[in-house]
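In what follows, a structure is listed as structure tokens, so that the remarks can point back to it.
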There are 2 protein chains.
Amino acid sequence: MTIRLVIADDQALVRGALAALLGLEADIEVVAELGDGAGVAAAVVEHSADVAMLDVEMPGLDGISAAAAVRRAAPSCRVLMVTTFGRPGYLRRAMQAGASGFVVKDTPARQLAEAVRRVHSGLRVVDPTLAEESLMSGDSPLTDREAEVLKAASDGGTVADIAKAAMLSEGTVRNYLSAAMAKTGGRTRAESVRLAHEHGWLL
Amino acid sequence: MTIRLVIADDQALVRGALAALLGLEADIEVVAELGDGAGVAAAVVEHSADVAMLDVEMPGLDGISAAAAVRRAAPSCRVLMVTTFGRPGYLRRAMQAGASGFVVKDTPARQLAEAVRRVHSGLRVVDPTLAEESLMSGDSPLTDREAEVLKAASDGGTVADIAKAAMLSEGTVRNYLSAAMAKTGGRTRAESVRLAHEHGWLL
DNA sequence: CTAGTCCCATGACATTTGTCATGCCGAACG
DNA sequence: CGTTCGGCATGACAAATGTCATGGGACTAG
């Protein structure tokens with residue numbers, strides 16, 4: 001029996017290449033390819049897919065949310081996350097969202113088909129390097145509001161911009177940014193944004 | 001006669017998938033795969049490659065520099081740039097470095113083999129969407145030093161950090177940042193970094 | 001030669017940012 | 001019920017940032 005696979009990745013070229021690569025496997029059949037996370041759950045249901053392979057970074061609905069949607073819509077379908085960046089926090093978030101596997105795009109190509117098979121058979125697949133780092137960095141120390149404000153600051157706006165966007169006073173925004181900077185270890189706002197991003201603590 | 005192709009991309013999975021995909025074409029033979037730009041020129045010479053397919057974003061030697069190195073080492077070898085981000089400035093820089101083609105990773109997979117063939121036959125291949133944007137945004141308005149300082153600021157350090165890294169006085173750094181902010185249209189340092197980056201004006 | 005441009009630098013200034021102390025409110029937890 | 005914790009806010013203050021005027025040296029183009 002073949003494994004029915006749905007692939008979602010925002011880069012068409014990567015998506016196509018992955019589909020072609022995995023389609024060569026005798027026991028894997030690619031039944032759908034998506035460019036964003038929004039339609040993944042529906043596609044999984046429509047094609048009775050066994051495994052959904054999702055990129056974390058996608059426009060619209062991100063991969064983590066898409067994973068949760070898939071689990072809700074089709075509990076029997078396993079989710080394998082594939083991501084470009086090995087942000088430690090992503091792993092934890094993905095697992096909490098119900099993903100069964102998590103590999104980075106640096107994974108040798110031939111191991112990918114094997115990962116799909118393991119996930120399909122109910123095993124968990126986690127990139128070993130990533131698992132180690134994940135234990136290191138642990139949960140995000142940021143509160144919801146701190147993360148929200150820091151995220152709003154990530155495009156370089158002023159305190160006033162952020163305050164307006166988040167419906168907070170400027171003083172409060174400064175407080176949150178200050179707290180976030182202390183927790184992330186950054187000495188400036190911009191550095192904290194970068195650090196939090198690298199840890200996978202934002203989105 | 002087959003086209004001898006060298007592929008360089010820092011993501012192993014993408015690299016492998018591309019190689020597998022293009023290797024299926026009867027007239028294309030993948031003779032080498034690299035994970036960074038440093039060894040590309042040598043690999044091209046060693047394998048007498050006809051076309052080099054390079055990612056712009058790579059650790060160590062970036063794709064643009066690698067393209068120039070290839071042109072110097074083996075003028076008969078054409079260069080096709082493949083990039084994740086369609087930064088308009090990249091196109092111009094790549095062309096100046098001697099690249100013959102430039103496509104984004106959103107390109108449908110089957111068009112890629114065609115792009116390789118066109119480049120090999122001496123034609124230029126440019127993503128049409130990108131070409132339009134490129135004309136829009138034009139050359140970087142930033143002076144060399146301004147770009148250098150802005151790039152040094154991109155990881156979120158303070159003025160003092162940047163000054164030390166660039167061997168400049170703090171006042172001078174502030175001047176360049178101020179000028180860069182005016183030219184990019186950003187209202188804060190962080191915003192200018194983001195804008196310049198999106199335009200492809202930073203490396 | 002002269003004018004223009006870029007690089008480098010200084011100093012002064014207003015604004016913004018980051019820090020700290022402090023307070024109120026509501027929800028969670030013992 | 002009291003305590004703790006997070007969200008929200010204010011005000012004050014030191015430090016960093018962004019702006020502006022200014023000037024000298026090097027290099028290029030007219």
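So that the names make sense, note that chain A is the first sequence line, chain B the second, and so on, each numbered from 1. Predicted, not measured: the structure shown is a model, and the values here were computed from it.
Across every non-hydrogen atom of B:Gly35 and B:Arg15, the tightest pair is CA-NH1, 3.3 Å.
Here C:dC6 presents its P atom at 11 Å from OH of B:Tyr176, a figure rounded to the nearest Å. Following rounding to the nearest Å, A:Asp144 (CG) and C:dA27 (P) show an atom-to-atom distance of 16 Å. Here D:dA16 presents its P atom at 13 Å from CD1 of B:Ile162, a figure rounded to the nearest Å.
Phosphate proximity of D:dG18 to B:Arg189: present, with a side-chain N or O under 4.0 Å from OP1 or OP2. Side-chain N/O atoms of B:Ser169 include one lying less than 4.0 angstrom from OP1 or OP2 on C:dT10. A close approach under 4.0 Å does not occur between any side-chain nitrogen or oxygen of A:Ser178 and OP1 or OP2 of C:dC20.
A:Asp9 and A:Lys105 are joined by a salt bridge, as a carboxylate oxygen and a charged side-chain nitrogen come within less than 4.0 angstrom of each other.
Checking C:dT19, D:dT10, D:dT17 against the side-chain heavy atoms of A:Met181 singles out C:dT19 as nearest. Which of D:dC8, D:dT17, C:dC6 sits closest to the side chain of A:Thr172 comes down to D:dC8.
Counting any heavy atom pair closer than 4.0 Å across all strands shown, A:Asn175 reaches a base atom.
Side-chain atoms of A:Leu18 and A:Met53, non-hydrogen and from C-beta on, do get closer than 4.5 Å to each other. Side-chain contact between A:Leu54 and A:Val40 is present, with at least one heavy-atom pair separated by less than 4.5 Å.
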